[in-house]
There are 2 protein chains.
Amino acid sequence: MCGSFRRTARALTSFYQEALWPLGLRATQLTILQALSRTGEVSQGRLGEILAMDSTSLTRTLAIMRRRGWIAVRRGEDQRERLLRLSRGGAAKLKRVTPVWDGVQARLRGKLGERGWKNLLRLTNQVTEWTTAQAGSL
Amino acid sequence: MCGSFRRTARALTSFYQEALWPLGLRATQLTILQALSRTGEVSQGRLGEILAMDSTSLTRTLAIMRRRGWIAVRRGEDQRERLLRLSRGGAAKLKRVTPVWDGVQARLRGKLGERGWKNLLRLTNQVTEWTTAQAGSL
DNA sequence: CCTCTATAGATGTATATACATCCAACTCAG
DNA sequence: CTGAGTTGGATGTATATACATCTATAGAGG
């Protein structure tokens, strides 16, 4: 199952990314833009939880995105925290990229059908939640 | 969907890998051992197709696994090809690791239930096949 | 046989991702 | 307030992964 998911993630990334390539944006980066757009300002640690990603791994990707002017960072009340939000440029980038992304997604969705699509989303999210909850419980 | 799959792949990898960590084996590497065990000797390019992975990306991982003595490589009749197979050590490693891996898998399978499990495998493979077939067709 | 083109991998470079470890800032017991 | 332990990220290091480009080998014509 793990191998199957990793394989599909690779195939799917390459499928979406083919359309995104000319826009100079990676799948991970778009995911982060989308997440920030939904949540508003969040700490790096919290963003890591949302994405089920090690928060220190985010440090590198966020550095890239900051260099490109897509996200803004400031210290929180707790001075250890980094609070992240979309910058104006990031919001613009997201707006420009979204239709392209949605177009690719629609093709896949059409292929899978509504039932399969929803099923798949539900099951993947269920797996994420459960495995995340199990972490460290051995 | 892409983000969802990538997120689940991370969560799932970390879930399986927690058990595998003491055995000094990564998820990708185990996947390769399993694939070679099923297929017998294959070329690097063919292995890439099977795993939906760029065959040149395999070069690096295979180098690591060769260093550890898990796989053996020889030239094919076509001198450009690299034919890969499990070495004796690789087969032994796979045998040792499999029960641990299966144990983790059984926990997840129990949680999802037979129906959800099969559904998920079927859907993910369907997505892999379709997106792979679409590659470059834009 | 010789050249042209196509293909299998190797290598360069960039991003993605994880764990271990480190530092700074926070918390809380005393 | 102060020292001990905790927590949020930053940094070091290793693997995973992709695309562009390069090299060597195949194969097709002439």
Side-chain angles (χ1 to χ4, degrees), chain A residues 2-3 5-18 20-22 24-32 42-49 51-68 70 73-84 132 135-136, chain B residues 2-3 5-18 20-22 24-32 42-49 51-68 70 73-84 132 135-136:
Chain A
C2 183
F5 256 89
R6 290 174 68 87
R7 184 159 55 110
T8 305
R10 283 190 297 268
L12 212 43
T13 299
S14 141
F15 176 67
Y16 279 76
Q17 193 110 40
E18 191 175 344
L20 229 59
W21 198 255
L25 190 63
R26 299 300 196 82
T28 302
Q29 297 167 0
L30 176 55
T31 303
I32 291 175
V42 278
S43 73
Q44 183 169 324
R46 178 73 190 115
L47 183 59
E49 284 172 21
L51 301 177
M53 179 185 300
D54 183 306
S55 80
T56 74
S57 294
L58 274 171
T59 302
R60 325 300 168 101
T61 297
L62 292 173
I64 294 169
M65 296 178 73
R66 227 172 39 169
R67 259 188 269 129
R68 312 222 163 132
W70 298 335
V73 187
R74 67 183 181 90
R75 295 289 176 121
E77 193 186 338
D78 180 337
Q79 292 285 302
R80 292 169 304 181
E81 283 185 339
R82 303 282 183 273
L83 297 181
L84 312 165
T132 299
Chain B
C2 181
F5 256 90
R6 290 175 67 87
R7 184 160 54 109
T8 304
R10 284 190 296 268
L12 212 42
T13 299
S14 142
F15 176 66
Y16 278 76
Q17 193 109 41
E18 192 175 342
L20 230 58
W21 198 255
L25 190 65
R26 298 300 195 81
T28 301
Q29 297 167 0
L30 176 54
T31 302
I32 291 174
V42 277
S43 72
Q44 183 169 323
R46 177 74 191 116
L47 183 59
E49 283 172 22
L51 301 176
M53 179 184 301
D54 183 306
S55 81
T56 74
S57 295
L58 275 171
T59 302
R60 324 302 167 100
T61 298
L62 292 173
I64 295 169
M65 296 178 73
R66 227 172 40 168
R67 259 188 268 127
R68 310 221 165 133
W70 298 336
V73 186
R74 67 181 182 91
R75 295 287 177 123
E77 194 186 336
D78 179 337
Q79 293 285 302
R80 291 169 305 179
E81 283 186 341
R82 302 283 183 273
L83 297 182
L84 311 166
T132 299

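For clarity, every value in this text was computed on a predicted model and none was experimentally measured.
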Please find the pair of heavy atoms, one from A:Leu25 and one from A:Leu20, that lie closest to each other, and give the distance. O-CD2, 3.7 Å

Just the rounded figure in Å: distance from C1' of D:dA24 to CG of B:Asp78. 10 Å

Counterpart residues, side chain to side chain donor-acceptor pair (under 3.5 Å), relative to A:Thr31 (two or more places apart): none

So do B:Thr132 and B:Glu49 actually touch side chain to side chain, heavy atoms under 4.5 Å? no

Please report the shortest heavy-atom distance between A:Arg7 and B:Ala52, naming the atom on each side. CG-CB, 3.6 Å

How would you summarise protein contacts on nucleotides 17-24 of chain C per nucleotide, using B for base, S for sugar-phosphate only and - for none, with heavy-atom distances below 4.0 Å? BBBB---B

Within this structure, what is the CZ-to-C1' distance between A:Arg82 and D:dT7, rounded to whole angstrom? 13 Å

B:Arg6: side chain to side chain donor-acceptor pair (under 3.5 Å) partners, not counting sequence neighbours: A:Thr13, A:Thr28

Separation of D:dT15 atom C1' from B:Gln29 atom CD, nearest Å, is 8 Å

Closest-nucleotide mapping onto DNA chain D: is A:Gln44 or B:Arg68 further toward the 5' terminus? I mean the 5' end. A:Gln44

Output the rounded distance in Å from CD (B:Glu77) to P (C:dA8). 15 Å

Rounded to the nearest angstrom, tell me the gap between atom CG in A:Leu25 and atom P in C:dA14. 18 Å

Heavy-atom nearest pair, A:Gln29 first then A:Met65, reads O-CE, 3.4 Å

Take the protein atom CG of B:Leu83 and the nucleotide atom P of C:dA8, then report the distance between them rounded to whole Å. 12 Å

Using whole Å, report how far CG of B:Leu84 lies from P of C:dG9. 8 Å

What integer distance in Å separates B:Leu58:CG from D:dT15:P? 15 Å

Mind checking if A:Thr13 touches a base, just sugar-phosphate, or nothing, with heavy atoms under 4.0 Å? nothing

